[in-house]
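Working notes for the structure below.
Below, all heavy atoms of this structure are taken into account, side chains as well, without hydrogens, waters or symmetry copies. In what follows, chains carry the letters A, B, and so on, assigned in the order in which the sequence lines appear, proteins first and then strands, with residues in each chain numbered from 1.
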Amino acid sequence: MSEKKKKKLQKLKARLPRGFVDRSPADIRATDEMVAKIKAVYERYGFDPVETPIFEYTDCLGKFLPDQDRPNEGVFSVQDDDEQWMSLRYDLTAPLARHVAENINEIQLPYRTYRAGWVFRNEKPGPGRFRQFMQFDADTVGAPGVQADAEMCMMMADTMEALGIARGDYVIRVNNRKVLDGVLEAIGLGGEKNAARRLTVLRAIDKFDKFGDEGVRLLLGDGRKDESGDFTPGAKLDADSLDQVMEFVSARKSAEVGDWNDEGLIDDLERLKFVVNETYRVGVHELATLQKLFSKSGYTEDRILIDTSCVRGLEYYTGPVYEAELLFDVTNEKGETVQFGSVGGGGRYDGLVKRFTGQDVPATGFSIGVSRLMTALKNLGKLGQDDVIQPVLVTVMDGDTEALGRYQKMVQMLREAGIRAEMYQGNWKKFGNQLKYADRRGCPLAIIQGSDEREAGKVQIKDLIEGKRLSGEITDNVTWRESRPAQIEVAEDRIVAEVIRMLADQAEDRAKSG
RNA sequence: GCGAACGUAGCUCAGUUGGUUAGAGCGCUGGAUUGUGGCUCCAGAGGUCGGUGGUUCAAAUCCACCCGUUCGUACCA
């Protein structure tokens, strides 16, 4: 084997773990922009930030205790040097419950708080679904009344609009776990022994948006076969129970946007004759209260909507649940139309803090999937992308220390005037490469001073944007080089003023061409 | 987890019924042009044909298993 081959085999393959991504400047700037907008809404509602670490002891996170065989099922877990299991957090709610429980004596309840952070899930990644993603949560801890839930829903709606999503392009769906539980109880699925079937029914209901009426019926009954031939076992409800569940689920008046009437829906729910238990009555009453709170505050059905098919997470919710959904179609990079669906959700979790304290500490809150929502907004063109002006490049003609000092001084003067600027740091001897670098980086202007200009106390300022436009009209290289297109010569002490003027001209051109 | 499709240069892809030294476009590097981006021309670098094993005189091509990607589905705190 040749030396070259050997070297090649020794080379380390650069690769990223699947489900993880590197973030580009545009992504980072877009995320910052989004987070700032969301934060402004939460602050205005009177919420304060708090931050917890990305690692927690595994038992504090919830039910996912790693076992010997599969310590990383669902979560990323490691053992500390004292052999205690720690995990990367998979949401921001469990860590908040831990934080509140641990500081319960110092925290003034009701505690209104928000936080953004990365969370991790060890599961199969998909398009727009990563193993590390950002969530932005808001919670009210220590508030038992549905008015706290109502506030959460309204804040979600306000957040959507603050992000530039028009009214009618999103909706907040609201339901109540107590109502769902009441229905399940009514069809004989109450009690511990039916827990598994209850889950199957709830999952089936949750698929309403995806598979429609017919698909849900299959999942509630014998089961459903998908396109690949894979079979999903159903809940095996009898015909009467199935009809009753469907009657409840399709109680939402219409699938047509803008054609909703929650007051009528509540009336219908109150009249559903097969459900007579207390759980259901309490649940419907809560929904009725929420509906009144929404409509009295001006949040009508075009923003917040009661939807009996909304299920949300199955684990710790105890009362109202809510979900933000995008209603417009999103076209992805491949030109395919994608139903984006849910971009955030939450609900009431009255039992979560109690696990630590033993005392009832009711809480409600929601989470926005920042990474997911950003994908949707980006495809919609709602994020100001690439509006960052790249730096002005000061080129290097002479590499002696004195000349370099002069170039550095020009850069500093520009920086002091608030203009992004840099001196070329590559091999200055290849001047062509300097302009090529500036061109590819998208630099708006280049500043050039060789010995000729230096002796005359002048510099060349080249408009790279205008130059690019002119390049289409010049075909022969000699003209291209010698005509020095879009380039002006100014006195050294005019550099900052001229750069400001030229950047302003470019900004005006951009504004004109949209 | 289950099922299907795909895997050839940095990228997008050709590659005949299995047949010599695996190609193109784009990109990259150098030159034409020691002080000016683009265009054009010339030259060059770059490949364990996803991996391992098998069938064969002969495998990028056929078979098995594995890995990876994509799609559907399940799970999703």
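Looking at residues two or more places apart in sequence or on another chain, you find a ring pair (Phe, Tyr, Trp, His ring centres under 6.0 Å) between F136(A) and Y42(A), Y114(A). Partners of D226(A) under the side chain to side chain donor-acceptor pair (under 3.5 Å) rule, at least two apart in sequence or in another chain, are S228(A). By the side chain to side chain donor-acceptor pair (under 3.5 Å) test, E422(A) pairs with Y437(A), R441(A), sequence neighbours left out.
Residue Q135(A) is out of contact with every strand shown, counting any heavy-atom pair closer than 4.0 Å. Counting non-hydrogen atoms under 4.0 angstrom, F211(A) reaches the backbone sugars and phosphates but no base. Looking at heavy-atom distances under 4.0 Å, R469(A) makes no contact with the nucleic acid at all. When heavy atoms are screened at a 4.0 angstrom cut-off, D452(A) is found touching base atoms of the nucleic acid. If you check every strand for non-hydrogen atoms under 4.0 Å, T232(A) touches sugar and phosphate atoms only. Among the atoms of the strands shown, none is found under 4.0 Å from any heavy atom of K225(A).
The C1' atoms of A64(B) and A9(B) are separated by 29 Å, rounded to the nearest whole Å. Using atom C1' as the reference point in both G31(B) and C13(B), the two lie 30 Å apart (nearest Å). Taking the C1' atoms as reference points, C67(B) lies 7 Å from G50(B), given to the whole Å. Nucleotides G25(B) and G72(B) place their C1' atoms 34 Å apart, quoted to the nearest Å. Nucleotides A58(B) and U21(B) place their P atoms 14 Å apart, quoted to the nearest Å. If you take atom C1' in U12(B) and the same atom in U69(B), they sit 16 Å apart, rounded to whole Å. Rounded to a whole angstrom, the distance from the P atom of A14(B) to that of U8(B) is 10 Å.
Taking a pair as Watson-Crick or G-U wobble with both distances under 3.5 Å, RNA chain B forms stems of 3 or more consecutive pairs at B:1-7 with B:67-73, B:10-13 with B:23-26, B:28-32 with B:40-44, B:50-54 with B:62-66.
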Between the protein and nucleotides 3-5 of chain B, which nitrogen or oxygen pairs are less than 3.5 angstrom apart?
residue: G3(B); atom: O2'; partner: S228(A); partner atom: O; Å: 3.2

Item to check | Stepwise salt bridge (charged side-chain N to carboxylate O under 4.0 Å, His left out) test for R173(A) and E325(A) | outcome: CA-CA 7 Å; R173(A) 300 181 188 278; E325(A) 190 192 335; 2.4 Å; yes
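A donor and an acceptor atom sit less than 3.5 Å apart, one in the side chain of Q487(A) and one in the base of U36(B). A donor-acceptor contact under 3.5 Å links the side chain of R481(A) to the base of U33(B). Side-chain N/O atoms of E453(A) and base N/O atoms of G35(B) include a donor-acceptor pair closer than 3.5 Å.
Map R18(A) and K436(A) each onto its nearest nucleotide of RNA chain B; the residue landing nearer the 5' end is K436(A). Mapping R224(A) and D476(A) onto RNA chain B by nearest heavy atom places D476(A) closer to the 5' end of the strand.
Taking the side chain of R129(A) as heavy atoms from C-beta on, and the options A74(B), C76(B), G37(B), the nearest nucleotide is C76(B). Nearest to the side chain of R440(A), among C28(B), A77(B), U36(B), sits C28(B). Here C75(B) is the nucleotide among A77(B), C75(B), U36(B) with the atom lying nearest to any side-chain atom of K207(A).
Both geometric conditions, a ring-centre gap below 5.5 Å and a plane tilt below 30°, are fulfilled for Y90(A) over the base of A77(B).
Aromatic ring orientation, F120(A) versus F20(A): tilted (interplanar angle from 30° to 60°).
The stretch residues 394-405 of chain A comes close to RNA chain B through M397(A), each having a heavy atom under 4.0 Å from the strand.
Taking atom CG of residue L219(A) and atom P of nucleotide U73(B), one finds them 11 Å apart after rounding to whole Å.
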